[in-house]
Amino acid sequence: DGGITQSPKYLFRKEGQNVTLSCEQNLNHDAMYWYRQDPGQGLRLIYYSQIVNDFQKGDIAEGYSVSREKKESFPLTVTSAQKNPTAFYLCASSIGGDSPLHFGNGTRLTVT
Amino acid sequence: RKEVEQDPGPFNVPEGATVAFNCTYSNSASQSFFWYRQDCRKEPKLLMSVYSSGNEDGRFTAQLNRASQYISLLIRDSKLSDSATYLCVVPAAGNKLTFGGGTRVLVKP
């Protein structure tokens with residue numbers, strides 16, 4: 001079955017540690033996105049990539065980094081510089097252009 | 001003005017009634033729009049795509065008003081299972097897909 005896989009589903013880290021969230025898709029989609037969602041809020045765009053080896057900052061990129069070395073993979077690193085990292089992180093992909101997004105199941109990150 | 005705005009609700013709807021809510025956007029160049037449904041603590045799921053003046057899928061109707069820069073979603077004959085948060089998505093410059101804050105709908109018996 002084609003889809004987007006995010007792992008792990010739940011992640012716990014101590015403050016000051018970097019953590020990398022995995023996102024893999026086998027839909028052959030060119031574009032991939034990372035969003036963050038806080039309780040009771042909408043989704044905010046962190047980073048997006050429209051093609052391999054290229055990515056752009058979204059609205060809240062500070063404290064995050066990404067890479068897009070392979071079409072299938074778009075990992076997100078939450079660095080210690082991110083002041084409030086506890087959130088629900090959603091990865092999505094699309095064919096690109098005016099196409100809709102397909103989402104993974106999300107990763108809930110808790111930093112204490 | 002925010003790029004995409006929605007009334008957060010909640011819209012309390014009696015079962016069987018009709019409910020409608022809007023999503024306003026600022027980028028007049030946007031050509032496509034999407035409505036997603038999100039259940040509590042789950043990922044959003046695509047409900048409907050809107051590429052022209054509107055779209056209809058069963059009990060759900062989306063309408064686009066380009067002059068006033070908003071899209072609406074109407075749910076007819078509401079079911080208990082329609083209780084969810086409805087998110088609109090609008091492409092901004094550079095294919096940056098921007099979400100509204102969501103509209104919460106609660107359907108009650």
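Below, read A as the first sequence line, B as the second, and so on, with proteins coming before strands; counting in each chain starts at 1.
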Checklist entry - Roughly how far, to the nearest 0.5 Å, is the CG atom of A/L43 from the CG atom of B/L87? => result 6.5 Å

Checklist entry - Do A/D59 and B/K96 come within less than 4.5 Å of each other through their side chains, counting heavy atoms only? => result yes

Item to check | Nearest heavy-atom neighbours spanning B/Y51 and A/S99 | outcome: OH-CA, 4.3 Å

Donor-acceptor pairs under 3.5 Å, side chain of residues 29-39 of chain B to any protein atom, not counting sequence neighbours: which ones?
residue	atom	partner	partner atom	Å
B/S30	OG	B/N27	O	3.1
B/S30	OG	B/N27	ND2	3.3
B/S30	OG	B/P91	O	2.7
B/Q31	NE2	B/A29	O	3.3
B/Y36	OH	A/L101	N	2.6
B/Y36	OH	A/L101	O	2.7
B/R37	NE	B/D39	OD1	3.4
B/R37	NE	B/D39	OD2	3.2
B/R37	NH1	B/S81	O	2.9
B/R37	NH2	B/D39	OD1	2.9
B/R37	NH2	B/S81	O	2.6
B/R37	NH2	B/S83	O	3.4
B/Q38	OE1	A/Q37	NE2	2.9
B/Q38	NE2	A/Q37	OE1	2.8
B/Q38	NE2	B/K42	O	2.7

Checklist entry - Could you state the interatomic distance from OH (A/Y35) to OG1 (B/T98), rounded to the nearest 0.5 Å? => result 6.5 Å

Checklist entry - Where does A/R108 contact chain B at under 4.5 Å (heavy atoms): side chain, backbone, both or neither? => result side chain

Checklist entry - Rounded to the nearest 0.5 Å, what separation is found between the CD atom of B/E43 and the CG atom of A/N105? => result 4.5 Å

Checklist entry - Do A/L90 and B/P44 come close enough that some side-chain heavy atom pair is under 4.5 Å? => result yes

Next on the checklist: If we define contacts as heavy-atom pairs under 4.5 Å, which of A/G104, A/P39, A/G58 has the most with chain B?
Outcome noted: A/G104

Next on the checklist: As an exercise, state the distance from NZ of B/K45 to CZ of A/F103, rounded to the nearest 0.5 Å.
Outcome noted: 10.5 Å

Item to check | Heavy atoms from other residues, nucleotides or ligands near CG of B/L80 exceed 12 (cutoff 6.0 Å) | outcome: yes

Checklist entry - Is the number of heavy atoms from other residues, nucleotides or ligands within 6.0 Å of CD (B/Q63) greater than 12? => result no

Checklist entry - Do other residues, nucleotides or ligands put more than 12 heavy atoms under 6.0 Å from A/E62 CD? => result no

Checklist entry - Any chain of hydrophobic side-chain contacts (each under 4.5 Å) joining A/L76 to A/Y48? => result no

Item to check | From CG (B/L46) to NE2 (A/H102), nearest 0.5 Å | outcome: 7.0 Å

Checklist entry - What part of B/R41 gets closer than 4.5 Å to chain A, counting heavy atoms only: side chain, backbone, both or neither? => result both

Item to check | Transitive ILVMFWY side-chain link B/F60 to B/V13, under 4.5 Å | outcome: yes

Checklist entry - Under a single-linkage definition using a 4.5 Å side-chain heavy-atom cutoff for Ile, Leu, Val, Met, Phe, Trp and Tyr, are B/L47 and B/Y70 assigned to the same hydrophobic cluster? => result no

Checklist entry - Between B/F11 and B/I75, is there a shared hydrophobic cluster once you connect ILVMFWY residues whose side-chain heavy atoms come closer than 4.5 Å? => result yes

